[in-house]
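Remarks on the structure that follows.
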Amino acid sequence: MSDLNINEMIWQIIASIPEGKVTTYGQIARLTGYPNRARYVGSTLKKLPKDTSLPWHRVINGQGEIAFPPDTKAYKTQRYRLEEEGILFRKGKVPLSEFGWQD
DNA sequence: TGTATGACCCCAA
DNA sequence: GTTGGGGCCATAC
């Protein structure tokens, strides 16, 4: 029940990420008020339909890297979308300056 | 009911 | 700078 609320919060937060910016699973978890739910955020994203309008590609891990292995289709898709939005990669990582929310 | 797994994170060495 | 281990909690089997 409360997890339904969490899902909505997660969707709202992701939808509010500005174009050309990214954020991390941990940040999203914290903004929902549950600092330890970073893993749950990933689980939620995995369940999204492939035709979702949610900008899931703007969500990366705490290291500034894409959460998928580099040789996967999902990785390439995500990276391509980010680069289309003007986000540049440095050695496979996104610079901190591109993060939407920072503590 | 119990164990394993995952689009993660943090801290100590 | 890297590496390893613990923690987290919903799902799947």
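All of these numbers come straight from a predicted model, not from anything done at the bench.
At a threshold of 4.5 Å between non-hydrogen side-chain atoms, the residues Asn7(A) and Tyr40(A) count as touching. Between Val22(A) and Phe99(A), some side-chain heavy-atom pair lies under the 4.5 Å cut-off. Considering only heavy atoms from C-beta on, Trp101(A) comes within 4.5 Å of Ile17(A) through its side chain.
Partners of Pro69(A) by side-chain contact (heavy atoms from CB on, under 4.5 Å), not counting sequence neighbours, listed by chain and number: Asp71(A), Thr72(A). Every residue two or more places apart in sequence or in another chain was checked for a side chain to side chain donor-acceptor pair (under 3.5 Å) with Thr32(A), and none qualifies. Considering only residues two or more places apart in sequence or on other chains, Glu84(A) meets the salt bridge (Lys or Arg N to Asp or Glu O under 4.0 Å) condition with none of them. Partners of Ala15(A) according to the side-chain contact (heavy atoms from CB on, under 4.5 Å) rule, which considers only residues two or more places apart in sequence or in another chain, are Leu54(A). Remark: Arg58(A) pairs with Glu85(A) by the salt bridge (Lys or Arg N to Asp or Glu O under 4.0 Å) rule, at least two apart or across chains. Applying the side-chain contact (heavy atoms from CB on, under 4.5 Å) test to Gln12(A) and every residue at least two apart in sequence or in another chain returns nothing.
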Pairs: protein N or O with nucleotides 1-9 of chain C N or O, under 3.5 Å:
{"from": "dC9(C)", "atom 1": "OP1", "to": "Arg37(A)", "atom 2": "NH1", "distance (Å)": "3.3"}

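Dashed line: the shortest gap from a side-chain N or O of Lys47(A) to OP1 or OP2 of dT11(C) is under 4.0 Å.
Counting only residues at least two apart or on different chains, no salt bridge (charged side-chain N to carboxylate O under 4.0 Å, His left out) pair has a member in residues 31-54 of chain A.
If you walk DNA chain B from 5' to 3' and mark each nucleotide with an atom closer than 4.0 Å to a heavy atom of chain A, the marks span dG6(B) to dC10(B).
Comparing dA4(B) with dG6(C), their P atoms sit 15 Å apart, to the nearest whole Å.
Within a heavy-atom distance below 4.0 Å of DNA chain B, the residues of residues 49-73 of chain A found are Trp56(A), Asn61(A), Gly62(A), Ala67(A), Phe68(A).
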